[in-house]
Amino acid sequence: MVEGASRITCPAMRMSRLFLRTLRDDPSDAEVESHKLLVRAGYIRKVAAGIYSWLPLGYRVLRKVEQIVREEMDAAGAQEVLLPQIQPLELWAQTGRDQAYGPLMFKLQDRKESDFCLAPTAEEVVTALVAGELSSYRDLPVNLYQIGWKYRDELRPRFGLLRGREFLMKDGYSFDVDVDGLRANYQVMYDAYHRVFERCGLTFRPVVAQSGEIGGDVNHEFMAVAAVGEDDFVWCQACTYAANVEAATRAAVDRHDDGDLIAPVAPPGPAAGPSADGIPAMTPVRTPDAATIAAVAEQLGIDAGATLKCFAFSFVGGDLDGRLGLALVPGDRTVNEYALAVVVAPARAVPLDDDTFATRPDLPRGYIGPDHPDAALIIADPSVRDRASWVTGANRAEHHVRDAVLGRDFRVDEWAAVATVVTGDPCPRCGSPLRIDRGIEVGHTFQLGTKYSVALGAEYTDADGAQHPMVMGCYGIGVSRVVAAVTEEHHDEQGLKWPVGLAPFDVHLLVLAGKGDAAAIAAAAAEQLYLDLVAAGVDVLLDDREASPGVKFADADLIGVPVQVIVGAKGVGRGVVERKIRATGMRDELPLADAASVLSGARP
RNA sequence: CGGGGAGUAGCGCAGAGGUAGCGCACCUGCUUUGGGUGCAGGCGGUCGGGGGUUCAAAUCCCCCCUCCCCGACCA
């Protein structure tokens with residue numbers, strides 16, 4: 001059989017045979033455009049919350065993304081493997097992540113009642129694999145990746161493919177002899193990620209991030225810029241600085257080579273702040289029912305930025321275990337608890353709970369002030385030096401104070417950037433105004449270090465015969481999430497607008513046949529063009545249905561193949577077909593005689 | 001898990017004690033053929049599940065399930 005013949009008979013390429021039903025109405029359970037359109041256009045169907053079937057059109061796109069990822073990973077020197085989706089829970093117990101992940105894992109038992117989970121990720125499996133295979137520095141580095149389904153019983157699956165409980169992920173893992181090797185590998189992956197997301201047509205930004213459950217030091221999230229994104233990130237319009245809001249700083253950052261994310265702001269020097277000259281003595285003021293900054297500001301007729309917020313917490317662990325701590329930020333900002341965690345490490349800062357507030361009348365919720373007698377450590381954001389005096393809590397219910405002056409009425413033990421960044425703050429690198437935008441996290445890269453290799457015994461012998469744990473990195477891409485992120489960026493009221501290279505087909509060929517001799521000629525011309533294109537290796541979707549032109553146009557725009565070619569009786573009579581570029585709406589005419597060669601030349 | 005909303009035909013919805021309806025889709029016939037043609041006729045429903053009240057329950061009561069939105073997590 002000729003190779004072309006099998007392509008021609010592929011039923012998915014003729015719409016009359018394609019397993020597809022488009023919908024006129026938005027599905028009632030969809031909220032965001034990517035979800036609505038992917039369902040309406042017949043790409044996916046929901047089976048359960050966060051779990052979807054991929055229909056022929058959708059699966060084609062998913063495989064296109066997968067292929068781009070595969071090509072870039074292979075080009076970057078990573079080797080593709082396939083790890084199990086069912087993993088023994090015992091493996092997870094060795095790193096303690098069975099507890100850390102907890103209810104996020106789908107768990108199951110075999111007939112012997114041994115415990116397993118559905119893979120939420122694969123650090124344990126891959127590390128154990130490498131530990132068993134490699135034992136010499138001569139074997140390293142190695143970089144493995146897989147593209148496989150992952151399972152996380154999310155607290156709240158949402159937005160269709162954007163947060164599924166079952167999702168396709170590319171997860172990669174590098175193993176090096178030392179941190180230098182890791183950094184080199186990390187850079188290679190970081191660069192490869194740029195190429196992947198560029199090829200997918202995404203507007204994205206790599207941002208420095210806090211490391212989550214996965215552990216490790218430096219890591220970057222790749223954010224596809226989108227209003228429906230679930231993450232806020234800060235970025236500089238003048239330089240390349242970009243960070244997750246949790247990791248963002250303003251002012252000057254002393255950036256270490258090993259990538260401290262929350263570096264201290266330039267030290268304030270001994271001076272305690274603005275002069276107290278001319279500021280009247282601190283005076284209490286009654287503020288009933290004003291336990292929030294907004295309420296205080298309204299009652300006193302002042303700006304929220306003129307109030308000083310005192311975030312009270314307990315130290316857990318460390319020298320100050322059990323003592324009270326205060327974090328001070330201007331009232332128009334909030335305390336960045338991630339930044340605070342870094343400041344108090346290795347101790348933890350635990351917010352006061354309801355019980356504590358109930359049993360400690362000296363800690364009136366909403367009325368806590370900075371000169372609290374029990375405060376063992378007072379940490380303040382540098383912006384607390386920006387104002388000569390503050391309205392703040394009086395440590396007495398229903399009372400605040402005016403004219404609290406730094407150095408005169410309250411002290412600060414430690415200065416650190418513990419306030420959240422807001423739009424307009426100066427960039428820590430170049431001082432230009434920062435912006436905050438929302439993004440969809442489509443990728444995440446981590447420098448893990450030795451957490452997993454130590455726990456799972458992934459060690460190698462060096463040239464001197466000494467044993468060392470391998471130094472690991474890990475690299476994820478949400479492949480199915482990319483499909484949704486791309487549709488968020490590339491669509492209009494009519495439907496999807498796939499970038500070339502991701503589209504389920506290269507060309508959508510519409511036959512406007514109807515009846516009569518002219519129509520029969522047009523139908524024959526379209527059929528021939530279809531066969532020529534298929535023979536030339538172009539993925540063509542032929543709309544050979546007996547439907548009215550309006551239906552075909554509407555479906556073509558909804559499905560969003562980049563190039564539409566319209567073969568109608570009128571045009572064929574003049575020896576031309578019409579071409580429409582879906583993304584731009586641009587239309588032109590091609591001579592029927594060489595339409596096939598023009599279109600196959602336009603192939604990606 | 002807390003707070004809010006919803007489950008009625010494949011999809012989108014109406015119906016609020018008397019045995020179920022509309023639009024789209026689907027089937028048949030005619031019609032139309034460059035932007036979701038028009039007309040006529042048809043198929044399709046354990047009204048999410050279970051229990052209760054009642055002569056009678058989609059409708060009232062109780063329990064459960066599922067789905068969506070807002071919050072704590074992540075690719």
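Lettering of chains follows the sequences in order, A, B, ..., and the numbering in each one begins at 1. Please read all numbers here as calculations on a predicted model, not as lab measurements.
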One thing to verify: whether [Y] and [X] come together as a salt bridge, which I'm taking to mean a side-chain N less than 4.0 angstrom from a carboxylate O.
X        : Y        : answer
A/Lys451 : A/Glu123 : no
A/Lys580 : A/Asp557 : yes
A/Glu441 : A/Arg163 : no
A/Arg63  : A/Glu66  : no

For atom [atom1] of [X] and atom [atom2] of [N], their distance in whole Å:
X        : N      : atom1 : atom2 : result
A/Glu230 : B/rC73 : CD    : C1'   : 10 Å
A/Glu166 : B/rC74 : CD    : C1'   : 16 Å
A/Leu20  : B/rG10 : CG    : P     : 19 Å
A/Gln146 : B/rA75 : CD    : P     : 14 Å
A/Arg545 : B/rA25 : CZ    : P     : 12 Å
A/Arg21  : B/rG10 : CZ    : P     : 12 Å
A/Ile477 : B/rC74 : CD1   : C1'   : 15 Å
A/Asp544 : B/rU33 : CG    : P     : 21 Å

Complementary nucleotide for [N] - Watson-Crick or wobble, under 3.5 Å:
N      : answer
B/rC1  : B/rG71
B/rA6  : B/rU66
B/rC39 : B/rG29

Roughly how far apart are A/Leu89 CG and A/Glu124 CD, rounded to 0.5 Å?
->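 It is 10.0 Å, given to the nearest 0.5 Å.
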
Atom [atom1], compared across [N] and [M]: separation rounded to whole Å:
N      : M      : atom1 : value
B/rC67 : B/rU33 : C1'   : 42 Å
B/rA6  : B/rA14 : P     : 10 Å
B/rU54 : B/rU66 : P     : 32 Å
B/rG15 : B/rC60 : P     : 12 Å
B/rU46 : B/rA58 : P     : 13 Å
B/rU8  : B/rG23 : C1'   : 15 Å
B/rU59 : B/rG50 : P     : 12 Å
B/rC69 : B/rU28 : C1'   : 43 Å

Remember a base hit wins even if backbone is also touched, and classify A/Gly516 as base, sugar-phosphate or nothing at under 4.0 Å, heavy atoms.
->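 No contact.
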
Do you see a donor-acceptor pair shorter than 3.5 Å between the side chains of A/Ser174 and A/Tyr475?
->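 Note: A/Ser174 and A/Tyr475 side chains meet the donor-acceptor criterion.
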
Do we see a donor-acceptor contact under 3.5 Å between the side chains of A/His444 and A/Asn219?
->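 Yes - a donor-acceptor pair under 3.5 Å links their side chains.
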
Under 3.5 Å, which N/O atoms of the protein pair with N/O atoms of nucleotides 47-50 of chain B?
none

Does [X] have any salt bridge (charged side-chain N to carboxylate O under 4.0 Å, His left out) partners at least two apart in sequence or in another chain, and if so, which?
X        : value
A/Asp332 : none
A/Asp437 : A/Arg435
A/Glu489 : none

Which nucleotides of nucleotides 34-41 of chain B have their base under 4.0 Å from a protein heavy atom (B), which only their sugar-phosphate (S), and which neither (-), written as one string 5' to 3'?
-> BBBS----

Side chain of A/Asp26, base of B/rC11: donor and acceptor closer than 3.5 Å?
->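 For A/Asp26, whose side chain was compared with the base of B/rC11, there is no donor-acceptor pair (under 3.5 Å).
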
Which atom names give the shortest non-hydrogen contact between A/Pro206 and A/Phe222, and what distance separates them?
->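 Minimum heavy-atom separation between A/Pro206 and A/Phe222: CB-CE2, 3.7 Å.
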
Check A/Arg582 against A/Leu496 and note the closest heavy-atom contact, atom names and distance.
->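 Answer, listing the atom of A/Arg582 first, then A/Leu496: NE-O, 3.2 Å.
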
Answer whether the closest heavy-atom distance between the side chains of A/Thr420 and A/Val245 falls below 4.5 Å.
->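 They are not in side-chain contact.
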
Using atom names, set out every protein N or O paired with an N or O of nucleotides 65-70 of chain B below 3.5 Å, distance rounded to 0.1 Å.
{"unit_1": "B/rC67", "atom_1": "OP1", "unit_2": "A/Ala49", "atom_2": "N", "d": "2.9"}
{"unit_1": "B/rC67", "atom_1": "O3'", "unit_2": "A/Lys46", "atom_2": "NZ", "d": "3.0"}
{"unit_1": "B/rC70", "atom_1": "OP2", "unit_2": "A/Arg156", "atom_2": "NH1", "d": "3.0"}
{"unit_1": "B/rC70", "atom_1": "OP2", "unit_2": "A/Arg156", "atom_2": "NH2", "d": "2.5"}
{"unit_1": "B/rC70", "atom_1": "O5'", "unit_2": "A/Arg156", "atom_2": "NH2", "d": "3.4"}

Could you pick out which residue, A/Val442 or A/Leu155, lies toward the 5' side of RNA chain B when each is mapped onto its nearest nucleotide?
->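 Looking at the nearest nucleotide for each, A/Leu155 comes out on the 5' side.
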
Where each residue is assigned the nucleotide of RNA chain B containing its nearest heavy atom, which of A/Glu154 and A/Ala547 is assigned the position nearer the 5′ end?
->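 Mapping each residue to its closest nucleotide by heavy atoms, the 5'-most match is A/Ala547.
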
